[in-house]
Amino acid sequence: MIEKIEQLLQEVDHLQASNTEELEALRIKYLSKKGAINALMADFRHVPADQKKAVGMRLNELKDKAQEKIAALKEQFEAQDTGLDDIDLTRTAYPVGLGTRHPLSIVKNEIIDIFARMGFNIANGPEVEDDLHVYTKLNFAADHPARDMQDTFFVNVNPNDVTKNIILRSHTSSVQVRTMEQAQPPIRVICPGRVYRNEAISYRAHCFFHQVEGLYIDKGVTFTDLKQVLLLFAQEMFGSDTKIRLRPSYFPFTEPSAEMDISCNICGGTGCPFCKQTGWVEILGCGMVDPNVLEACGIDSNVYSGYAFGMGIERITNLKYQVKDLRMFSENDTRFLREFEAAY
Ligand code: DAH
């Protein structure tokens with residue numbers, strides 16, 4: 001027995017393992033219930049009484065040594081385990097900066113928020129539209145100049161039927177038509193979206209920009225309702241001191257029509273270069289939905305009336321943040337975008 005113990009002592013002294021599996025195998029071989037050391041412990045009762053003390057001491061030494069050795073190897077592996085498997089070595093060494101919301105998104109969300117609080121739902125429509133929804137059903141005469149090549153981007157021209165022309169929508173009023181076609185009053189929606197016009201790009205015009213359209217159709221809706229909603233919007237958006245004024249105007253799809261100015265929020269109405277010294281800046285077009293439009297969309301104009309309005313998001317953003325050049329909105333210059341980090 002003593003020889004066996006000495007032999008195991010030697011072995012244990014030189015234990016080596018190159019991975020955790022090998023180490024576990026060694027633990028099982030020496031220290032488990034059915035391992036070598038336990039087997040010797042079981043045989044211990046056969047050791048003659050006079051040798052019991054010496055053999056017992058050596059056997060305990062062996063057990064301690066095996067435990068120590070295996071614990072030491074285990075520690076060594078744990079130290080080596082640097083968690084390399086969890087590290088993405090392809091990741092950039094630089095901190096990844098958080099993005100910011102685009103100023104147009106910030107303002108769009110704010111507009112949506114204000115109208116949502118007044119009970120308006122959001123409606124969406126396609127950017128690639130047909131003439132029927134962009135012009136015809138909105139009471140545009142067949143020879144209306146807005147259909148002209150200079151304004152509209154044509155995707156597909158139908159030589160026989162102008163209403164079948166496929167175009168990029170030039171205003172979000174097309175979503176009014178789609179909404180009225182699909183639902184009966186009461187209808188109360190706002191339609192935010194991108195629109196396209198064939199314009200030369202400059203600091204004050206772009207071939208695409210963004211609008212929010214509003215539409216309310218119900219029994220007994222009047223111009224007073226329109227004015228009050230727009231006043232509330234202007235004061236929520238630009239501050240409670242903001243004044244509005246409505247000037248008579250013309251749009252094919254509204255009668256009567258108006259354009260709305262707000263008191264210039266840059267100079268407070270005293271006159272500055274932005275408002276051309278007038279103290280007022282125009283922000284939207286509006287009016288009572290023309291009965292022809294209601295009828296074209298399947299709504300009985302003898303029963304229902306309604307108002308509509310449409311505004312440019314870029315224009316509102318310029319007023320809020322005084323962005324001098326429209327092109328900055330689509331250049332994705334992060335120095336410009338980062339200026340809006342704190343806005344939302
Ligand atoms: N669609 C018009 C434009 O793009 C804006 C507009 C004016 C919308 C009056 C309306 C409205 O709904 O009633 O210039």
Side-chain angles (χ1 to χ4, degrees), residues 111-127 129-144 146-147 161-165 167 169-193 195 211-236 244-260 283-312:
I111 297 171
I112 290 175
D113 210 56
I114 293 168
F115 283 107
R117 275 186 267 133
M118 293 193 255
F120 285 77
N121 293 319
I122 296 178
N124 290 305
E127 292 179 14
E129 260 290 10
D130 55 19
D131 178 285
L132 202 61
H133 290 90
V134 181
Y135 296 128
T136 303
K137 286 196 173 191
L138 284 166
N139 205 29
F140 280 79
D143 56 356
H144 194 285
R147 297 174 189 240
D161 185 355
V162 67
T163 66
K164 292 213 172 81
N165 284 347
I167 61 182
R169 69 180 178 195
S170 56
H171 56 181
T172 43
S173 304
S174 55
V175 188
Q176 276 191 35
V177 176
R178 290 205 171 263
T179 307
M180 287 190 273
E181 280 175 344
Q182 284 157 19
Q184 280 297 307
I187 292 171
R188 186 154 44 180
V189 291
I190 50 164
C191 327
V195 300
Q211 292 186 329
V212 175
E213 186 81 11
L215 177 72
Y216 179 37
I217 313 280
D218 204 347
K219 285 179 185 157
V221 179
T222 68
F223 205 95
T224 320
D225 300 317
L226 169 64
K227 188 175 175 190
Q228 195 57 36
V229 160
L230 293 180
L231 174 64
L232 223 125
F233 164 72
Q235 294 185 337
E236 287 284 296
I244 63 166
R245 74 175 184 190
L246 290 160
R247 285 177 290 102
S249 184
Y250 172 77
F251 300 102
F253 36 92
T254 43
E255 183 58 39
S257 304
E259 276 170 328
M260 185 175 95
I283 64 161
L284 56 81
C286 60
M288 301 307 291
V289 179
D290 194 300
N292 287 345
V293 175
L294 294 177
E295 294 295 335
C297 299
I299 290 173
D300 187 345
S301 64
N302 293 314
V303 180
Y304 296 107
S305 60
Y307 62 70
F309 55 85
M311 69 187 94

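In this structure, Tyr307 and Thr254 have side chains that are not in contact, with every pair of non-hydrogen atoms separated by 4.5 Å or more. Side-chain contact between Ile217 and Arg188 is absent, with no heavy-atom pair separated by less than 4.5 Å. By the 4.5 Å heavy-atom criterion applied to side chains, Arg147 and Thr136 are counted as neighbours. Residues Pro185 and Ile299 form a side-chain contact, since some pair of their non-hydrogen atoms from C-beta on lies under 4.5 Å apart. Taking the side chain as every heavy atom from C-beta outward, Lys219 and Val303 approach each other to under 4.5 Å. Two residues are said to be in side-chain contact when any heavy atoms from C-beta on lie closer than 4.5 Å; Thr172 and Val212 fail this criterion. Between Val195 and Ser170, the closest side-chain pair of non-hydrogen atoms is not below 4.5 Å. Contact check for Tyr135 versus His144: no side-chain heavy atoms found under the 4.5 Å cut-off.
Proximity of a side-chain donor or acceptor of Asn139 to a complementary backbone N or O of Val293 within less than 3.5 Å is not detected. Within the 3.5 Å criterion, the main-chain N or O of Ala116 finds no donor-acceptor partner in the side chain of Asp113. A donor-acceptor pair under 3.5 Å is absent between the side-chain atoms of Glu255 and the main chain of Pro291, judged by distance alone. The backbone N or O of Gly310 sits nowhere less than 3.5 Å from a side-chain atom of Gln211 that would complete a donor-acceptor pair.
For Phe120 and Phe233, the gap between ring centers reaches or exceeds 6.0 Å. Checked against a 6.0 Å centroid threshold, the rings of Phe251 and His171 do not count as neighbours.
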- prompt: side-chain contact (heavy atoms from CB on, under 4.5 Å) between Met180 and Lys137: does it pass, once the steps are laid out?
  reply: CA-CA 11 Å; Met180 287 190 273; Lys137 286 196 173 191; over 6 Å; no
message: Run the side-chain contact (heavy atoms from CB on, under 4.5 Å) test on Leu138 and His133 for me, step by step, so that the C-alpha distance in whole Å, both residues' side-chain angles and the decisive distance to 0.1 Å come before the verdict.
response: CA-CA 7 Å; Leu138 284 166; His133 290 90; over 6 Å; no
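Nearest heavy-atom pair, Gly298 versus Gln184, reported as atom, atom and distance to 0.1 Å: O-NE2, 3.1 Å. Taking all atoms of both residues into account, the shortest heavy-atom contact from Ser174 to Arg169 is OG-CD, 3.7 Å. The nearest pair of heavy atoms linking Ala258 to Leu246 is CB-CD2, 4.2 Å. The shortest heavy-atom contact between Met311 and Leu284 is CB-CB, 3.7 Å. Pairing each heavy atom of Ala234 with each of Met260, the nearest pair is CB-CE, 4.3 Å. Shortest non-hydrogen contact noted between Leu226 and Ala308 is CD1-O, 4.3 Å.
In this structure, CG on Asn121 lies 11.5 Å from CG on Leu215, to the nearest 0.5 angstrom. Rounding to the nearest 0.5 Å places CG of Asp130 at 7.5 Å from OG1 of Thr163. Taking CD of Gln235 as the start and CD1 of Ile244 as the end, the distance is 8.0 Å to the nearest 0.5 Å. Note that CD of Glu259 is 13.0 Å distant from OH of Tyr250, once rounded to the nearest 0.5 Å. Rounding to the nearest 0.5 Å places OH of Tyr216 at 11.0 Å from CD1 of Ile187. Distance check, rounded to the nearest 0.5 Å: CG of Asn292 to CG of Asp290 gives 4.5 Å.
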